[in-house]
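Predicted model only: the values in this text are computed from it and were never measured. Letters A, B, ... are given to chains in the order of the sequence lines, protein chains preceding strands, and every chain is numbered from 1.
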Amino acid sequence: MFKIVHREEMSDGTVILNEIEALKIARKAKPGQFVILKANETGERIPLTMAETDPEKGTITIIYQVVGKSTALFKTLQVGDGYQDVIGPLGKPTHIQKLGKVVCVGGGTGIAVLHPITRALKEVGNHVICIIGARSKDLLILEDRMKAASHELLVCTDDGSYGHHGFVTDVLKEVLEREKIDQVVAIGPVPMMKFVSKMTKEYNVRTLVSLNPIMVDGTGMCGGCRVTVGGQTKFACVDGPEFDGHQVDYDELMLRLQAYCEDEKQCYEEFCIMDS
Amino acid sequence: MAEEATKTPKREKIPRQPMPEQEPKVRAKNFDEVPFGYSPETAMKEAERCLQCKKPSCVPGCPVGIDIPGFIKLIKEGEFTQSIRKLWEMNSLPAVCGRVCPQEIQCEGLCIVGKKGDPVAIGNLERFAADWERENGTGALPPKADPTGKKVAVVGSGPAGLTVAGDLIAKGHDVTVFEAFHKPGGVLLYGIPEFRLPKEIVAQEVNFLERLGVKVECNQVVGRTITVDELFEEGYDAVFVGVGAGLPTFLNVPGKNLIGIYSANEYLTRSNLMKAYRFPEYDTPIIRGKNVVTLGAGNVAMDSARTALRLGAEKSRIVYRRSRVEVPARSAEVHHAEEEGVEFFFLAAPTKFIGDDKGRVVGMECLKMELGEPDASGRRRPVAIDGSEFELECDLVIVAVGTGANPLLTRSTEGLELNKWGYIQVEEKTNKTTKKGVWAGGDIVTGSATVILAMGAGRIAANSIHDYLTWGW
């Protein structure tokens with residue numbers, strides 16, 4: 001069992017942080033890599049990119065949004081409980097290098113994934129501007145940590161309850177107009193990554209995105225996570241999860257993410273009835 | 001002499017004992033194992049048919065060299081406990097082999113009795129001995145050599161890895177098996193369906209090795225969680241790599257990424273390992289097509305098409321670009337599939353998958369083929385017939401056209417030479433790789449093959465590893 005040693009609820013309880021004992025993974029993991037978690041015997045294998053690792057303590061941290069049965073089941077796990085299985089680190093680490101000025105754009109729980117990458121980009125000497133967004137103030141996560149990890153933090157909310165009123169793309173446009181940017185890293189909901197990439201393409205700024213398609217094994221065996229990048233089929237688990245944002249077929253990815261929506265709805269509803 | 005004279009004709013009159021099995025119509029709707037197995041009486045009667053040849057021709061046909069007349073003689077005498085021990089001398093996985101080996105082209109294909117009639121049912125007898133031990137046996141373990149103090153890491157818990165583990169633990173080495181999935185068994189678990197190889201049996205075979213002292217560590221992706229070089233740093237003296245092939249091939253035609261097009265790996269893993277056939281009791285979903293097409297005609301394709309029936313398909317069809325003669329699956333598997341209602345479309349290949357506005361597959365366009373000259377594989381190459389397009393409706397497609405070499409471990413290991421397809425190069429007689437202290441076997445060396453061939457490769461490597469640990473590289 002992989003024990004939970006620390007747990008936080010964020011975003012009105014819709015986003016959960018788990019710090020988990022996983023010594024081997026913590027010692028190996030690098031920013032941008034993910035793990036697969038399975039709560040119990042009947043559970044599903046869920047891929048999540050790590051938000052933090054502590055090699056000394058031997059722990060990894062994941063931050064996830066409760067969206068269906070499996071994440072609702074994860075939410076029931078308290079400190080002292082654990083996951084039956086945690087596998088990783090999987091995927092290729094982010095290529096961290098000094099480029100000059102970098103903008104990190106995060107939305108939703110994508111901010112959690114963006115955090116270690118942002119910090120690493122700053123540590124190697126980049127000037128890092130961070131743009132994070134949420135639907136409203138209550139749903140925004142990790143503001144303080146992102147502030148510490150970057151030189152400049154810009155916040156926006158869809159409803160205007162905090163920071164800039166509007167989408168991350170609006171703020172990004174201002175930044176791109178204002179100064180020359182060497183690279184953008186965008187992690188968040190697929191539509192966000194799609195529109196960020198569309199915009200940065202106009203400005204001709206290299207853009208990295210991190211994809212989280214449906215996956216089973218995470219080692220290149222099933223091909224469930226295949227995405228089209230630059231007209232070629234890639235497996236997010238072994239070729240990614242990060243890809244050139246300008247080359248990704250986001251529309252195909254969005255459709256593929258809906259593959260099990262009916263099953264998931266049924267499963268989640270039954271779980272909610274049982275849980276209440 | 002007189003006794004011999006009366007006995008021989010009697011033996012000749014005994015027909016090969018049929019394997020009792022579930023009715024096709026019934027079994028096509030459940031995941032229970034298809035054959036029921038022999039009763040002790042039937043097994044003893046079948047064992048009677050063995051000629052006990054002095055120079056048996058069946059044994060050279062067995063990749064792990066089981067003393068076939070020996071274990072059969074013990075069944076004939078009702079010494080079932082001794083019979084399984086005879087099997088264990090050469091085979092750590094008899095319950096598996098009795099079920100999934102292609103005996104018709106191996107031991108049974110060479111059986112002298114088979115020259116004039118039906119060969120002795122060696123596979124069914126092997127299965128009987130293993131099942132009898134599991135259900136009625138004492139649980140007593142076979143003997144083991146004294147500890148040597150040498151540590152061996154086995155990467156992958158499929159048939160090759162388990163064979164290496166079983167062989168080396170018996171020789172007194174300290175063996176740890178590393179498995180990437182959350183449960184051990186490799187292809188025996190994620191690939192072969194419950195109705196052909198119950199997962200309880202795989203678990204018990206692994207448990208047998210654990211009782212012998214083999215340590216099994218799951219959730220260890222060698223190449224990611226730990227590398228081969230780090231295994232040596234941790235004190236392992238030798239490493240066996242048996243990670244399987246496991247990189248799925250998709251057809252490069254338009255629409256290949258539509259929802260409802262699975263690799264056979266994904267489809268079978270969801271159903272077998274994740275138990276999606278019991279959704280929503282188990283959380284992993286699986287698309288349940290009503291009108292299913294499986295592409296390819298190997299054993300994996302048969303498993304897929306038969307799984308589809310059990311998951312509620314009204315139509316389960318196999319589309320294969322060659323003809324019936326070239327079908328690579330075991331004839332018994334094809335027979336079982338046809339009995340259950342799987343239909344075959346020979347000499348046809350898809351040129352395009354058709355999707356709806358939600359990105360779900362609703363059909364495929366195919367071309368009819370004819371057979372031309374033999375290709376590199378020696379099989380006649382299928383050639384498309386111009387203007388022969390036709391459409392097939394389908395709501396689920398399973399692509400079972402083979403696999404490639406998974407680069408996850410090989411890319412992270414320096415000093416391992418690969419061939420042009422990415423499979424590991426080994427020395428034939430020892431299965432040594434080009435990296436000191438590392439052996440390899442199974443599909444990551446040969447490409448997709450059978451369980452027993454992987455076991456045979458494991459046996460060769462285990463012998464060589466033992467020599468190395470005793471005398472050096």
Fill in: Stepwise side-chain contact (heavy atoms from CB on, under 4.5 Å) test for B:Phe181 and A:Arg45
CA-CA 10 Å; B:Phe181 269 130; A:Arg45 290 167 67 98; 3.4 Å; yes

Fill in: Note: A:Arg27-B:Glu230 ion pair, threshold 4.0 Å (strictly below)
no

Fill in: Exceeds 12 heavy-atom contacts within 6.0 angstrom, atom CD of A:Glu56
no

Discussion item. If we define contacts as heavy-atom pairs under 4.5 Å, which of A:Glu264, A:Glu41, A:Gln84 has the most with chain B?
Written reply: A:Glu41

Item to complete: Over all heavy atoms of both residues, which pair between A:Leu255 and B:Gly359 is shortest? Give the atoms and the distance, please.
Response: CD1-CA, 3.9 Å

Discussion item. I need the A:Cys237 SG to B:Arg224 CZ distance, nearest 0.5 Å.
Written reply: 8.5 Å

Worksheet item: Do you see a donor-acceptor pair shorter than 3.5 Å between the side chains of B:Asn257 and A:Thr228?
Response: yes

Worksheet item: Where on B:Tyr267 is there a heavy atom nearer than 4.5 Å to chain A: the side chain, the backbone, both, or neither?
Response: neither

Item to complete: Measure the CD1-CD distance between B:Ile287 and A:Glu262 for me, rounded to the nearest 0.5 Å.
Response: 12.0 Å

Worksheet item: What part of A:Leu253 lies closer than 4.5 angstrom to a heavy atom of chain B: side chain, backbone, both or neither?
Response: neither

Fill in: Side chains of B:Pro248 and A:Phe235 in contact at under 4.5 Å (non-hydrogen atoms)
yes

Worksheet, complete the sentence: Bottom line for A:Leu73: the part with an atom under 4.5 Å from chain B's heavy atoms is side chain

Item to complete: Output yes when a side-chain donor or acceptor of B:Asn265 lies under 3.5 Å from a complementary backbone atom of A:Met221, and no otherwise.
Response: yes

Item to complete: Indicate yes or no for a side-chain donor-acceptor contact from A:Arg226 to the backbone of B:Phe250 under 3.5 Å, with no hydrogens or angles considered.
Response: no

Worksheet entry | Option from A:Asp217, A:Val86, A:Asp85 for which side-chain contact (heavy atoms from CB on, under 4.5 Å) with B:His182 holds | A:Asp85

Worksheet item: Atom CD1 of B:Ile259 and atom SG of A:Cys261: how far apart are they, to the nearest 0.5 Å?
Response: 8.0 Å

Discussion item. Using a 6.0 Å cut-off, check whether atom NZ of B:Lys256 has over 12 heavy atoms from anything other than its own residue.
Written reply: yes

Worksheet item: Using non-hydrogen atoms only, which part of B:Thr225 is less than 4.5 Å away from chain A: side chain, backbone, both, or neither?
Response: both

Worksheet entry | Under 4.5 Å from any heavy atom of chain A - which part of B:Leu258 | backbone

Worksheet item: Would you say B:Lys199 has more than 12 foreign heavy atoms packed within less than 6.0 Å of its NZ?
Response: yes

Discussion item. Less than 4.5 Å to any heavy atom of chain B: does that hold for the side chain of A:Tyr268, its backbone, both, or neither?
Written reply: neither

Worksheet item: Taking all non-hydrogen atoms of both residues, which atom of A:Thr219 and which atom of B:Leu408 are closest, and how far apart?
Response: O-CD1, 3.7 Å

Discussion item. Just verifying a value: how many Å separate A:Thr42 OG1 and B:Asp283 CG, rounded to the nearest 0.5 Å?
Written reply: 5.0 Å

Discussion item. With a 4.5 angstrom heavy-atom cut-off, is it the side chain or the backbone of B:Lys183 that approaches chain A, or both, or neither?
Written reply: side chain

Worksheet item: Contact part of B:Ile261 toward chain A, heavy-atom cut-off under 4.5 Å: side chain, backbone, both or neither?
Response: both

Practice prompt. Pick whichever of A:Gly91, A:Gly43, A:Ala39 has the most heavy-atom pairs under 4.5 Å with chain B.
Written response: A:Gly91

Discussion item. Counting heavy-atom pairs under 4.5 Å with chain A, which one of B:Arg360, B:Glu281, B:Lys275 comes out on top?
Written reply: B:Arg360

Worksheet item: Atom CZ of B:Arg270 and atom CD of A:Glu44: how far apart are they, to the nearest 0.5 Å?
Response: 7.0 Å

Item to complete: Please report the closest heavy-atom contact between A:Gln266 and B:Pro280, naming both atoms and the distance.
Response: NE2-CG, 3.8 Å

Fill in: Interchain contact, B:Arg278 with chain A, by part (heavy-atom threshold 4.5 Å)
neither

Discussion item. Does any backbone or side-chain atom of B:Thr249 lie under 4.5 Å from a heavy atom of chain A? Answer side chain, backbone, both or neither.
Written reply: neither

Worksheet item: Has A:Lys30 got more than 12 heavy atoms of other residues, nucleotides or ligands less than 6.0 Å from its NZ?
Response: no

Worksheet item: Quick one: of A:Val238, A:Thr233, A:Val227, A:Ile25, who has the most non-hydrogen atom pairs under 4.5 Å with chain B?
Response: A:Thr233

Worksheet item: Could you give all pairs that pass the ring pair (Phe, Tyr, Trp, His ring centres under 6.0 Å) test and reach residues 10-65 of chain A, with sequence neighbours left out?
Response: A:Tyr64-A:Phe74

Discussion item. Heavy-atom cut-off 4.5 Å, strictly under: side chain, backbone, both or neither for B:Leu247 against chain A?
Written reply: both

